Every structure is written in C-alpha cells, then in structure tokens.
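Bear in mind that the values here come from a model prediction, so they are computed numbers and not experimental data. So that the names make sense, note that chain A is the first sequence line, chain B the second, and so on, each numbered from 1.
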Amino acid sequence: MAHTAHTVKRYRGLMDWLTTVDHKKIGVLYLIAGALFFGIGGIEAILIRIQLIKPMNDFVDPQTFNELITMHGTTMIFLGVMPIIFALMNAIVPLQIGARDVAFPFLNSLGFWTFFFGGLLLNLSWLIGGVPDAGWTSYVPLSSTEYSPHHGVDFYTLGLQISGIGTLIGGINFLATIINMRAPGMSFMRMPMFTWASFITSALILFAFPAVTVGLVLLTFDRLFGGNFFYIPNGGSIVLWQHIFWIFGHPEVYILILPAFGIISDVISTFSRKRLFGYSSMVFATVLIGFLGFMVWAHHMFTVGLGPVANALFSIATMLIAVPTGIKIFNWLFTMWGGSIKFTAANLYAVGFIPTFVMGGVTGVMLASAPADFQFHDTYFVVAHFHYVIVGGLVLGLFSGLHYWWPKMFGRVLAEGLGKATFWMFYIGFQLTFFVQHFLGLTGMPRRVVTYLPNQGFDTMNLISTVGAIMMGIGVLMFLYNIVITSRKPANASNDPWEDGRTLEWTIPSPPPEYNFKQTPLVRGYDAWWKEKMDGNTEMKPAEPIGSIHMPSPSILPFFMSIGLFIAGLGFMFAKDEFGSGIVGFLFNNYIISGLGLLITFGCMFLRSVIDDHGYHIEKEELEDKGVKA
Amino acid sequence: MATQQLTSDDTKRRHKHEGPQKHIIAFIFSIVLTLIAFATVGAAGEVNPTFTIIILLVMAVLQVIVQMGYWMHMKDKGHMLPIVFMIIGAFIAFTCIVMGIYWVWWP
Amino acid sequence: MSASAHHAEEHWPHEPEKATLEGRNKVLGFWLFLGGESVLFGTLFATFLALRDQVGDGPTAAELFKLPMVAAATMILLVSSLTSVFAVQALHRKDVKAMLNWLIVTVILGFGFLALEIYEFVEYIHEGHTFTTSAFSSAFYTLVGFHGAHVAFGVAWITILIVQIFKKGLNFVTAPKIYVSAIYWHFIDVVWVFIFTVVYLMGKVG
C-alpha cells in the first residue's frame, strides 16, 4: 500500500496538550482537571465542617454556608469525581480491549474541553456575579429568580449544561469504542470488568444526561427568558423539576458507582491471583443495576406526596437493587476466598471499599422504605448514607484504581508505604466523619443547616465529624505528596509492574506508546494476558503482521469550540444586566457576546466538517526502531 | 462488528440496487396514516375523545415503525445495536411521559 | 483513509458508509446519539403533557391551532423524508448527480417547513400566545422550538454537505456524512409525527 504522506504538524509543550487527541493524554488532562475541582470541593467540605464544629458557630455566614454546600455537592459530583472516572476510562479502557485508539479521538478531546470550560464557568461564580446557593439539586422555587435573584443559579444551569454536553460526548465515544474497536477474540463476555462497567456507565450517561439537559434548559428559560415551567402563578409545576432532576439524578448515582465496581473487581482479582468469581453474574448484575437505576428516581421524592401507590412501587423497585449489588459483594468475597492475597495500597482501598459500601447499601435499603423515609428525610442520616456510597464507595474505588493503574499511566509506581499510610489516614478519617452522622440524623439534626443549638446531643458528634473531615483532608494531601515524590523517581515501571496483571493493558510498555499496541493482540480467553502466562507465553499472540499505523491528527478546534460555548454562556447570563452606558453593556445587552460565542462554536463545527482529517502514519521502520516488547 | 463487515461482502454478490418502490409504499402508508389521524380529529364530536386519542396514538406509532423500518433502514441487517439503543431510549422516554401525565398533578 | 478513498474509484460497495472503520464508527455513534435524543424529546414531551392544560389567561390549544397549516407542514416534512431516502439510494448507486438533486430538494423542503413554522409562531404571538403567557405556552414553544431548531441545524448541515460533495466528490469519507445526515433527517420527521399527534391533534381533541 502506497501511502500518500500527509505531513502533520506535531505540537510540543502546551500546544501539544491543547490539541491532543491521544486518549492517554486526554486521560491525564481529565485527571488534572478532576483533581483541581476535587481540591476545590474538598476545601468547601472542610469549611462546612469547620462551621459545624461547635454549636452556634459563626465561622461563615448563612448565605456563604448555602453557597458552600451547593458548590461542594455540585463540584464534587459533576466536576470532581466524574472527570477522574473519565480519566481512568480514557487511560485504560482502550488498552483493556486491545484498541489503538478510541472511536472518536476528536470528540474525545471536545468532550474534555467542554466539560472543563463548563466547570470553569460554574466555579467562576466565586469571582463574579454570585454563587449558586439553592443546593446541588437546585429545587424550584428556591432556585427561581424570585428567591435567588442574583446570577448564582445561572452559573449552575449554564455551567452544568456545558459540562454536561462534554460528558454526553464522552459517553457516546466510549460506547462506540467498546462496541467497534475490540481486538480480535475480545468478545463481550471476555471483556475485563472495568471495561464492562465503563460500557454500562456510558450507556447510563447517554440516556440520563439528555433529561438533565432538558431540565436545565427549562430552568434557564424560566430564569432568563420569563418561562413559566416552574412558576406556579402561571400554571407551572415545581414537582416537574424534581421529577426531571431525579430521572437524571438517580442514574447519575449509578454512573458514579459502577466504574468503582469495575475497578474493585479488577484490583481484587489481580491481587488475589484468582479469576474473578462469577464473572458472568457480575456482568449480569452490572447491566441489571444500570437498568433498575432508571426505575427508582421517585424514591428521592417520597415526602412530596405522590401517593401510596407510587411510593410503594418505587420503594419495591429500589429494594430490588440490593439483589444485584449483593451478588457483586459476594463475588468479591469469593474471589478473595482461597486466593493468595497481596495487600498493596490499591488492594487495601479495594478491600476497605467492601464493608463501607455494604453499610452505604444497607442504609440505602432503610431509606428505600417509604414510611421510614418520612423520618430520615432531610436529616444527617441521608448525608451519611450517600457519603458512604460516594466516598466510601466511589472515592475509595478511585484511589484504588489510581494506585493500581498509576504505573500504566505514568511509568512510575506510587510509593507503597506512603500509599498504605494514606489509606489508613483517609479511611479512619472517613469513618469518623460519616459514621457519627447516621446517629446525628437519627437524633434529629436536619441537613443543610448553618448551625445548631447546644445541648441537643449534637455537639460531640459534630466535633468528631469535623476531626474526621480534617483527617480526610490530610489523607488527600498525603496522596498528592506521594504523586510529587513519585514523579521525581525514574520512569522505570515494567510492562506488568504488579507481576500478576491479568488483562491486556499489562502486555504493553508503561506508559504505552501513542499507538498502544505495535501489533493488535489476539485474545484467546477471559483474562487474556493471564491465560497466555498460564500457557507459558511471554507475550500476546499478534493478530496481524507489523505494519504502518494510522493515527488521527491533533486539532485545536475542540478547545475553541468549548471556549465558544463558555463565552455564549456568559453572554446569555449577563444579557439583561445593567452595565451603565458603556460598550460592555452594549455588547451584552444586544446578545452580541452570546452570539459571538455561538458563532465561534458553530464556526469550529463548520471547519471540522469541511476540513478532512487525513491523519498520519507511523511507519513500520519507525515501529521497529523503538518497538521494544518485554 | 463482524456482521457489519460481512454485509459489504455478501452484498457484493447480489450487488443489485433496490428500486424506489418500497420507499414509495412506505411513503403512501405514512400519508394514509396521517390522513386517518387528521380525519379522526376532523370528525371530532361524532367520535368519543378517548377513542380519538387512542386512534391518534396508534396511527403515530404505526407511522413511526414504518418510517424507522424503511427509511432509517432499521429492518436491514446489521442494525441490532441501533435497535437496542433506540428501544432503550424510547422506553426511558416513555417512562418520562408516564411521569409527566400521572405524577406531576394529583387531586 | 486516503488510500481507501482512491480505492473507491475501483469498487463501490453496497453500503459505502460502512466501508471504513471510521464510517462504521460514525454510523454507530450517530445511532447512539439518537438514542439519547429520544430521551431528550421524551423529557420535552413529558413536560408538555404535564403543562398542556395550564393555559392561565392565554388561549387554549383548541382555540389556537389551525389544522390546515399543521397538515401542510406535515406533508412537507414527510416528502422531504422521502427525498432524503432517495438521496441515500443514489448514494448507494454512486449516482452523484441524482444524490445532489435529492439533497437539494430536501433542503428546500426543510426551508419551506421552517418558513411555515415561523409564520405560525408569529401568528400565535399576535393572538396573545407568547412564550411567557402561560405554562402551556412555554412548554409549547420549547417543544416545537426544539424540533424547529433541529430542522434548522439539519438544513444547515445538509447544505454544507452538498457544497462538500461538489468540491470533493463522493468517497468513503463523504459517504458516511451523507448517510448520517439522512438518518438525522428521518429522526426529525419521526419526532414531528409525535408532535403533530400529541401537540396539535390531541390539542384539538382536548
């Protein structure tokens, strides 16, 4: 095959990061952005806990407190943990299925930048125009212009709208990647659990995010253009917002937790040196959780008054989820049973995950009982429950995954001793923070209150909770310190640094070359790499001869497309503000800024459509020069 | 997808392009279903409203099935995944609509 | 891709849109996107159905809607869907000229639909049915407007594709684009079927 040589400009330094379409680099970008927002959300959490350390505290005023809880929830869920999930998906999923790339490298980059600028817009609210203060659920009428007249909620709606587009694009990309890009022999029922979890999570993103897109559009229309969707005097309904929010919001919980399930499955199986117990039931349970996740949204609304029939229906559906989740828990336990377990830092997090997540699950079933929920509703019991699921489940899972795949992403193994110390610091801090909150809730402390009176039985438990939160903060700092000291060591991780790797990502160098696999591997069974090891092979059987590899070219368009949306968001938000008579006012009030932003975005879409992306080839000789396989 | 790679191979054998007939038939079907729907509403007063709405919805669903099957090629080979994802999407959309009708207002 | 594009001259498969991995990815990815769009419109329909009786002081659906105009819009979109499927058939035959003609007809019909819709909206506004009148009016304009925005996007998109085909010709890079835009166009038509049924006809019935 004679290739017409397309010379493609290769960028270096900052431009390389802005234009990259390499899924591994986009993974790193997601990780950095996620860590940034996770840090912001973490600081907000600690400020909340300092305010609540003692009764009648006045560390922050009530308005700031509302802003802190709103931004803590929103930032952590949409901008903190989701991108870290996407970081791991980007870095690992293509490697686990033996693919050279994702299905849509350009869209992958677009997804990241849109998410990033959406998050930036949301957090810009701390600097200009007012901070969202209506809770992360932004219930109307609290979030309407009547009760939230400043721009806070506009930052919420537009920021989440833009970052939501990014997430949706990412979800479609991973679905198409997993469906179309698997290596020969990598059938669906041979995919590693993390890939399966990513697949189902992406499907949930695909079907859940359009709902919140609509919800946010309606709220934006109400606030900016005088719509009546949630304005009761003109016939609007506030219950509608709750439904739409939770039709998205509940699947979102599973979007968060399923990847953690996947990570834990891979980590436990690797460090037990055993095949994952009940693989097919694991897959089945994941699919079932994904499906049931859409059928239970109204359990967030038991106290709204939907009536006994609806409450009973959603109550039962919610309790059903405990069944597939229970299957998973027992599968992890049976995987460890009789295995030669290594308690690395990654595995400590994974094993620590199991009891914590079980607790979060059990309180979930308690909350699923509608009559009991009338008691628990809006108390710290709920706060304890979802933090056990999200921190004790997802965040522990993410730390586990980061320790496990760090050598694959960066070529360096994180310091093990420090990693274990971090685990204990974080884990004990976590239990201190949230275990007592169950009892705070049961004693009657409502959530989202800025302070409380002394001698109601809340004082000691709140103090303990704050101490725990600070320990968690120290744990996160220890993790960051670990990253710093590790990055100073030479990048000398081997292909399979844990030596017990089971899946395809451990057959290629750490970090992998830009084309991932010099030759696409032939997959001969579940746990493809482990199978080859057991057959006495030192590398995978290739499915093709060495040949030139086609790569997509880098592009700056996604970056500008997202900036366009960012500018348009700001433009719409301030279109009706008073600016005096200056030029700025003229530009905003006549929708020139918002129009300009949309023009940039659509212009970039136009350019993307008309300019063919020929990509470039990495030639055979080049591959053989640097192609060292262990 | 293996099936998708296959289709281009085995159509080489029958590389015969289908004419416009079946699409015109689908078009006529759509027109007829649309006319029935409009006519039912035109005859309102004589027909019971609940019955009218049932007819309207049946006509709409039939028309969508015809159009998706023929014009969006969903009845062709290699469309298993599109069908699966569209059905899930339609199912969740339907769930939302049930919510909108039954659980937003109540006596 | 360039290599396979040259190849196209020699052999044009039955489904050129799926001849390359990029093409298969694009078609699959677009179907996935439409799955998400179904939920998007489902949520909009749910909103509309929840609020359609909340007319406040404004006109009701039965007072407002004029069925002849809706019927005309429906016919236009239905015919455009047929012309767009003819374009895809021409694409499969590699009959570039016929394909371009059908695409141009599709775009013109799309413009016709949009013009009718704008005319309709202006008419309603004169009758005191504006976006801010009632919950019903907000929901109506949002649902039908979202569909209209999709039509407008489709018209712009297909126009750009027509220009591209003129310049670059039909090959394995452009074929999937045409195919996918046709799928999109049919999807818009399918959504319209539900809009004229649920919004207009059911609105008339009450």
Here the pair of heavy atoms bringing A:Phe606 nearest to C:Ile160 is CD1-CD1, 3.3 Å
Heavy-atom check, side chain of C:Thr132 versus side chain of A:Phe225, under 4.5 Å: no
Between A:Val212, A:Ile244, A:Asp612, A:Ile169, who has the most heavy-atom pairs with chain C when the cutoff is under 4.5 Å? A:Asp612
Can you check side-chain contact (heavy atoms from CB on, under 4.5 Å) on C:Arg24 and A:Met181, steps first, answer last? CA-CA 10 Å; C:Arg24 286 195 294 279; A:Met181 309 283 281; over 6 Å; no
Residues A:Met605, C:Phe153; criterion side-chain contact (heavy atoms from CB on, under 4.5 Å); working and verdict: CA-CA 12 Å; A:Met605 282 171 81; C:Phe153 184 86; 3.6 Å; yes
Could you give the distance from OG1 (A:Thr177) to CG (C:Leu28), rounded to the nearest 0.5 Å? 9.5 Å
What part of A:Phe602 is in contact with chain C, defined as an atom under 4.5 angstrom from a non-hydrogen atom: side chain, backbone, both or neither? side chain
Which value, rounded to the nearest 0.5 Å, describes the distance between A:Leu107 atom CG and C:Asn25 atom CG? 10.5 Å
Return the CH2 to CD1 distance between C:Trp31 and A:Ile179, rounded to the nearest 0.5 Å. 13.5 Å
For C:Thr174, is it the side chain, the backbone, both, or neither that has a heavy atom closer than 4.5 Å to a heavy atom of chain A? neither
Take A:Ile247 and C:Thr43 through the test side-chain contact (heavy atoms from CB on, under 4.5 Å) and record every step on the way to the result. CA-CA 9 Å; A:Ile247 281 178; C:Thr43 319; 5.9 Å; no
Where the side chain of C:Gln164 meets the backbone of A:Ser609, is there a donor-acceptor pair that is under 3.5 Å apart? yes
Contact summary for C:Val39 and A:Phe207, nearest pair of heavy atoms: CG1-O, 3.3 Å
Whatever's closer than 4.5 Å to a heavy atom in chain A on C:Phe146 counts as side chain
In this structure, CZ of A:Arg100 is separated from CG of C:Leu21 (nearest 0.5 Å) by 11.5 Å
Is any side-chain heavy atom of A:Phe221 closer than 4.5 Å to one of C:Tyr141? no
Do A:Phe229 and C:Gln54 come close enough that some side-chain heavy atom pair is under 4.5 Å? no
Rounding to 0.5 Å, atoms CG (A:Leu206) and CZ (C:Phe33) come to a distance of 9.5 Å
Heavy-atom pairs under 4.5 Å with chain C, option from A:Leu175, A:Val214, A:Asn173, A:Thr213 with the top count: A:Val214
State the OG1-CG distance between C:Thr47 and A:Leu240, to the nearest 0.5 angstrom. 5.0 Å
Heavy atoms of other groups near A:Tyr591 OH, more than 12 under 6.0 Å: yes
Quick check against the 3.5 Å criterion: does C:Lys168 have a side-chain atom that pairs as donor or acceptor with the backbone of A:Val610? yes
Closest heavy-atom contact between A:Gly236 and C:Ala135? N-CB, 3.6 Å
What part of C:Lys177 gets closer than 4.5 Å to chain A, counting heavy atoms only: side chain, backbone, both or neither? side chain
Is C:Ala50 in contact with chain A via its backbone, its side chain, both, or neither, using a 4.5 Å heavy-atom distance? side chain
Just by modelled atom types, is the A:Asn228 backbone N or O under 3.5 Å from a matching donor or acceptor in the C:Ser138 side chain? yes
